[in-house]
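Reading through the structure tokens given below for one structure.
Worth saying up front: this structure is predicted, and the values here are computed from it rather than measured.
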Amino acid sequence: ESADLVTSFLTDHDISGLKVLLDADSSVANSYGIYNLPVTFVIDQNGIVRYPKFGEMTAADLQSYLTALDAT
């Protein structure tokens, strides 16, 4: 997705303060062996992948991951 589309989604769902990294050249996808989209990895502040999400990410999914990260 484009940066504008991601920003619009976050705004439409009243999500703020979230850093979203886009893989415009697919270098990260290639490193992780990702060939099917969508895929989301929630990575903690120490760089550890905490929650891989294969398939569509909903606002409820995102909120539950953020809540779980806050609890750790």
Side-chain angles (χ1 to χ4, degrees):
E1 312 296 353
S2 69
D4 289 341
L5 188 58
V6 171
T7 300
S8 177
F9 174 86
L10 296 174
T11 300
D12 290 349
H13 290 87
D14 202 25
I15 299 169
S16 61
L18 179 65
K19 293 181 183 179
V20 177
L21 306 177
L22 301 177
D23 185 21
D25 66 358
S26 300
S27 61
V28 176
N30 292 334
S31 295
Y32 281 88
I34 304 298
Y35 301 104
N36 295 313
L37 297 176
V39 176
T40 302
F41 292 96
V42 179
I43 303 171
D44 72 12
Q45 68 256 14
N46 297 315
I48 298 170
V49 175
R50 294 295 178 182
Y51 308 104
K53 172 68 175 176
F54 299 91
E56 181 181 351
M57 172 73 77
T58 66
D61 292 332
L62 184 57
Q63 186 58 54
S64 68
Y65 295 140
L66 293 175
T67 300
L69 282 175
D70 284 343
T72 59

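Two residues are said to be in side-chain contact when any heavy atoms from C-beta on lie closer than 4.5 Å; Leu18 and Leu66 meet this criterion. Val39 has its side chain out of reach of Lys53: every pair of non-hydrogen atoms, C-beta onward, lies at least 4.5 Å apart.
Here the shortest heavy-atom pairing between Ala59 and His13 reads CB-CD2, 3.9 Å.
With hydrogens and angles disregarded, no donor-acceptor distance shorter than 3.5 Å links the side chain of Ser8 to the backbone of Asp4. No donor-acceptor pair under 3.5 Å is formed between the side chain of Ser26 and the backbone N or O of Ala29.
The CG atom of Leu22 sits 10.0 Å away from atom CG of Leu5, with the distance rounded to the nearest 0.5 Å. Taking CD from Glu56 and OG1 from Thr40, the interatomic distance works out to 10.0 Å, rounded to the nearest 0.5 Å. A distance of 7.5 Å separates CD in Gln63 from CD1 in Ile15, rounded to the nearest 0.5 Å.
Aromatic ring orientation, Tyr65 versus Tyr51: parallel (interplanar angle below 30°, classes split at 30° and 60°).
The local environment of CG in Asp14 is sparse, with at most 12 non-hydrogen atoms from other residues, nucleotides or ligands closer than 6.0 Å. When the shell of 6.0 Å around CG of Asn36 is examined, it contains 12 or fewer heavy atoms from other residues, nucleotides or ligands. Atom CZ of Phe9 is surrounded by more than 12 heavy atoms from other residues, nucleotides or ligands within 6.0 Å.
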For this session: Decide side chain to side chain donor-acceptor pair (under 3.5 Å) for Asp25 and Ser27; before the verdict, give the C-alpha distance in whole Å, the side-chain angles of both, and the deciding distance to 0.1 Å.
Result: CA-CA 6 Å; Asp25 66 358; Ser27 61; 2.9 Å; yes
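Remark: Asp44 pairs with Asn46, Ile48, Arg50, Leu69 by the side-chain contact (heavy atoms from CB on, under 4.5 Å) rule, at least two apart or across chains. Applying the salt bridge (Lys or Arg N to Asp or Glu O under 4.0 Å) rule to Asp23 yields no partners; only residues at least two apart in sequence or on another chain are considered.
Both Phe54 and Val28 are members of a single hydrophobic cluster when ILVMFWY side chains are connected at heavy-atom separations under 4.5 Å. Ile34 and Val42 are members of different hydrophobic clusters when ILVMFWY side chains are connected at heavy-atom separations under 4.5 Å. Put simply, Val20 and Phe41 are part of two different groups of oily side chains (I, L, V, M, F, W, Y) that touch within less than 4.5 Å, one to the next.
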